[in-house]
Amino acid sequence: MRTRQAMLLEQFNAAPADQARELLKPCLDVPRWIEEITAGRPFASLDALFDAARGAAKPFTADELEGALAHHPRIGENAAGKSTEASMSRSEQSGVDPRDDATITALAEGNRAYEAKFGRVFLIRAAGRSAEEMLSALQERLGHTPEQEDAIVAEQLREIAVLRLERTMNA
Ligand code: 2AL
């Protein structure tokens with residue numbers, strides 16, 4: 001018997017390219033990443049698909065990073081709306097309790113300091129992390145150089161993308 005995951009993979013392999021692109025876009029809005037994966041079909045297994053997602057469009061250009069970051073709400077801010085992207089973000093940030101005023105305020109202050117220093121949103125893979133963990137990562141990363149942060153942000157974007165793809169493929 002075929003598993004649900006095997007069926008989803010078959011559908012993804014056989015779908016028109018536009019449909020494959022639509023499925024990938026909420027995971028990571030980097031056109032080159034989307035194209036490489038779409039063109040890499042058919043994948044023999046889900047693991048092969050996830051490996052491709054880990055390796056596609058490597059390294060990201062500065063423009064690709066900036067474009068993709070624009071899709072991520074700040075840590076501590078609930079994404080609004082019904083889009084796939086917004087609901088994924090809300091679920092990823094479920095470790096942040098909106099009633100925990102002290103942590104929410106500290107995150108907001110950290111986000112402001114990070115944006116003032118680096119000129120972009122603080123990004124971290126939120127799934128599986130508590131608000132306190134993310135706050136301490138934020139405070140530590142404020143001490144980094146822009147070059148150090150470029151590398152971390154690229155890696156975190158990729159982690160988020162692969163987790164989102166795994167979720168989409170029900171894996
Ligand atoms: C997010 C988000 O929405 N999901 C996630 O893993 N990280 N946002 C962010 N600024 O890091």
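Just so it is clear, the values below take in all heavy atoms, side chains as well, and ignore hydrogens, waters and symmetry mates. Numbering of ligands and ligand atoms starts at 1, following listing order.
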Student: Pairs under 3.5 Å, N/O atoms on ligand 1 and on the protein: can you put them in a table with the distances?
Tutor:
from, atom 1, to, atom 2, distance (Å)
ligand 1, 3 (O), Ser89, OG, 2.7
ligand 1, 4 (N), Glu92, OE1, 2.5
ligand 1, 6 (O), Glu92, OE1, 3.4
ligand 1, 6 (O), Ile124, O, 3.3
ligand 1, 6 (O), Ala126, N, 2.9
ligand 1, 7 (N), Ile124, O, 2.8
ligand 1, 8 (N), Pro73, O, 3.0
ligand 1, 10 (N), Pro73, O, 2.8
ligand 1, 10 (N), Phe122, O, 2.9
ligand 1, 11 (O), Ile124, N, 2.8
ligand 1, 11 (O), Ile124, O, 3.1

Student: Any salt bridge linking Arg129 with Glu92? Criterion: basic side-chain nitrogen under 4.0 Å from a carboxylate oxygen.
Tutor: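 So Arg129 does not pair with Glu92 through a salt bridge.
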Student: Going by an N to O cut-off under 4.0 Å, is there a salt bridge joining Asp63 and Arg32?
Tutor: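 Result for this pair is no, no salt bridge flagged.
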Student: Report the residues that fulfil salt bridge (charged side-chain N to carboxylate O under 4.0 Å, His left out) with Arg141, sequence neighbours left out, ordered by chain and then residue number.
Tutor: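 Partners of Arg141 under the salt bridge (charged side-chain N to carboxylate O under 4.0 Å, His left out) test: Glu149.
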Student: Checking Asp18 now: which residues fulfil side-chain hydrogen bond (donor to acceptor under 3.5 Å, both in side chains) with it, not counting sequence neighbours?
Tutor: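 Residues passing side-chain hydrogen bond (donor to acceptor under 3.5 Å, both in side chains) with Asp18: Arg21.
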Student: If the condition is side-chain hydrogen bond (donor to acceptor under 3.5 Å, both in side chains), which residues does Arg54 pass it with, not counting sequence neighbours?
Tutor: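 Listed in chain order: Asp51.
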Student: Do the rings of Tyr114 and Phe122 sit parallel, tilted or perpendicular, given the 30° and 60° boundaries?
Tutor: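 It falls in the perpendicular class, over 60°.
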